[in-house]
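Naming: A, B, ... by sequence-line order, numbering from 1 per chain. Since we're looking at a predicted model, the values are computed, not measured.
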2 protein chains.
Amino acid sequence: MTPMQQAYDVYEDRCPTRLVLDRLADKWAVLILDRLQDGPVRFNHIRRDIKGISQKVLAQTLRKLERNGLISRTIFPTVPVTVEYALTPLGSTLTDTVSALAHWAEKNMDAIFVAQRAYDEAHPG
Amino acid sequence: MTPMQQAYDVYEDRCPTRLVLDRLADKWAVLILDRLQDGPVRFNHIRRDIKGISQKVLAQTLRKLERNGLISRTIFPTVPVTVEYALTPLGSTLTDTVSALAHWAEKNMDAIFVAQRAYDEAHPG
DNA sequence: CCGTATCCCAGCCGATACTG
DNA sequence: CAGTATCGGCTGGGATACGG
């Protein structure tokens, strides 16, 4: 049994890899992390930049990322209130790691699309 | 706008990173890929090793991985039939990349759990 | 041995409307 | 500006049963 499998048995739903993957799997999470790489950004600024995300889902996703210590939330008592989101050091190291995955994806996307077409032709219906 | 965001705009649901992430996000996918690292394995062998997965979900997940060219499916016309699943070269390079993520997760799991506890205490209810 | 067919439910996500 | 409340659709996954 490999470490990965053992980890899953031991931690069950607390397997570290699953924990991280579940966070990254959120439809907009990686995009949000990416958006924060250049520095702190306000809520509606993110909303405008990431086209198609709703207020609810943006708030939800930000909460999850915050709860896992990947981003920070800072409130400025202006009128009206201003809130800034930023990568934590932890979140910053994660985006570095995710970049490797993104590079793999870009490098191999053609191979994946070829495989998909081949599979779909070989399995009609 | 960063490359990642642009990629999302251009490819929409065909963004390479999302494509890969969606595959890895399947609850059992990474565990299956991990199980195949030592060589080809038969269906029920995987099922036994990965405790808790149902036949339906195992079959489903294997199909998705196969469609994306990450694993191969070989049928031996024995009686009863034997089927072997194995990592493709493409799948093998992906698991290498995923290992980096798994290492990050293990290395930082404590920090994540601390963040979660802190968040939950700061946000009761 | 290797699957598919069904039914069911929890959770994600979207749209819309409303508030400090 | 930065959210919450509500409703509703869709899909991933679990349980169970059946077929080649």
Side-chain angles (χ1 to χ4, degrees), chain A residues 8 12-13 15 18-19 21-32 35-36 40-68 71-86 119 122-125, chain B residues 8 12-13 15 18-19 21-32 35-36 40-68 71-86 119 122-125:
Chain A
Y8 198 88
E12 293 188 332
D13 285 15
C15 167
R18 270 255 56 82
L19 197 69
L21 243 20
D22 284 344
R23 221 38 48 231
L24 298 177
D26 284 0
K27 183 171 178 183
W28 306 94
V30 174
L31 232 38
I32 293 173
R35 181 61 191 84
L36 298 182
V41 190
R42 284 180 294 111
F43 185 91
N44 277 329
H45 200 143
I46 302 175
R47 181 156 154 63
R48 273 190 301 273
D49 285 354
I50 301 182
K51 291 178 281 189
I53 194 171
S54 70
Q55 281 189 334
K56 194 194 79 170
V57 173
L58 176 55
Q60 268 181 3
T61 309
L62 288 171
R63 294 297 161 272
K64 289 188 186 176
L65 293 173
E66 185 195 0
R67 189 174 104 91
N68 287 271
I71 66 175
S72 63
R73 179 171 179 272
T74 310
I75 307 173
F76 298 95
T78 54
V79 182
V81 68
T82 302
V83 179
E84 268 188 4
Y85 292 92
Y119 183 94
H123 301 77
Chain B
Y8 198 88
E12 292 188 334
D13 285 15
C15 166
R18 270 253 59 81
L19 196 69
L21 243 20
D22 283 344
R23 221 38 50 230
L24 298 177
D26 285 359
K27 183 172 179 181
W28 307 94
V30 173
L31 230 39
I32 294 173
R35 181 62 191 84
L36 297 182
V41 189
R42 283 181 294 111
F43 186 90
N44 277 330
H45 200 143
I46 303 175
R47 180 156 155 62
R48 274 190 301 273
D49 286 355
I50 301 183
K51 291 178 282 188
I53 193 170
S54 69
Q55 282 189 335
K56 193 195 82 171
V57 173
L58 177 54
Q60 268 181 3
T61 309
L62 288 170
R63 293 298 160 273
K64 288 187 187 176
L65 293 173
E66 185 194 359
R67 191 175 102 91
N68 286 270
I71 66 175
S72 64
R73 180 171 179 271
T74 310
I75 306 172
F76 298 95
T78 54
V79 181
V81 70
T82 301
V83 179
E84 268 188 4
Y85 292 92
Y119 182 95
H123 301 77

Nearest-0.5 Å distance, CD of residue E84(B) to CD1 of residue I46(B):
10.0 Å
Value for CG (D49(B)) from CG (N44(B)), rounded to nearest 0.5 Å, stands at 11.0 Å
Report the C-alpha distance between I75(A) and R73(A) in whole Å, list the side-chain angles of each, state the deciding distance to 0.1 Å, and finish with yes or no for side-chain contact (heavy atoms from CB on, under 4.5 Å).
CA-CA 7 Å; I75(A) 307 173; R73(A) 179 171 179 272; 3.5 Å; yes
The answer to which of N44(B) and D26(A) contacts DNA chain C further toward the 5' end, by nearest nucleotide, is N44(B)
Would you be so kind as to tabulate the donor-acceptor pairs closer than 3.5 Å made by side chains of residues 53-61 of chain A, with sequence neighbours excluded?
from: S54(A); atom 1: OG; to: V57(A); atom 2: N; distance (Å): 3.2
from: T61(A); atom 1: OG1; to: V57(A); atom 2: O; distance (Å): 2.7

So, with a heavy-atom separation below 4.0 Å from DNA chain C, the residues of residues 52-61 of chain B are Q55(B), K56(B), A59(B)
Heavy-atom closest contact ([X] atom, [Y] atom, distance):
X	Y	result
R63(B)	Y119(A)	CD-OH, 3.5 Å
I32(B)	L62(B)	CG2-CD2, 3.9 Å
R35(A)	H45(A)	NH2-NE2, 3.6 Å
F76(B)	V81(B)	O-CG2, 3.5 Å
Y85(A)	L36(A)	O-CD2, 3.6 Å

Taken to the nearest whole Å, CD1/I46(B) to P/dC1(C) is 13 Å
dA10(C) P sits how many Å from K27(B) NZ, rounded?
14 Å
Chain B vs DNA chain D, heavy-atom contacts under 4.0 Å, first-to-last nucleotide span, 5' to 3', is dG13(D) to dA17(D)
Among residues 71-78 of chain A, which contact DNA chain D at a heavy-atom distance under 4.0 Å?
R73(A)
Taking 4.0 Å as the cut-off, does a side-chain nitrogen or oxygen of Y85(B) come that near to OP1 or OP2 on dG3(C)?
yes
R23(B) meets the side chain to side chain contact (heavy atoms under 4.5 Å, CB included) criterion, sequence neighbours left out, with D26(B), K64(B), L65(B), N68(B), L70(B)
The bend of the helix from dC1(C)-dG20(D) to dG20(C)-dC1(D), taken between the axes of its five terminal pairs at each end and rounded to 10°, is 50°
Remember a base hit wins even if backbone is also touched, and classify R47(A) as base, sugar-phosphate or nothing at under 4.0 Å, heavy atoms.
nothing
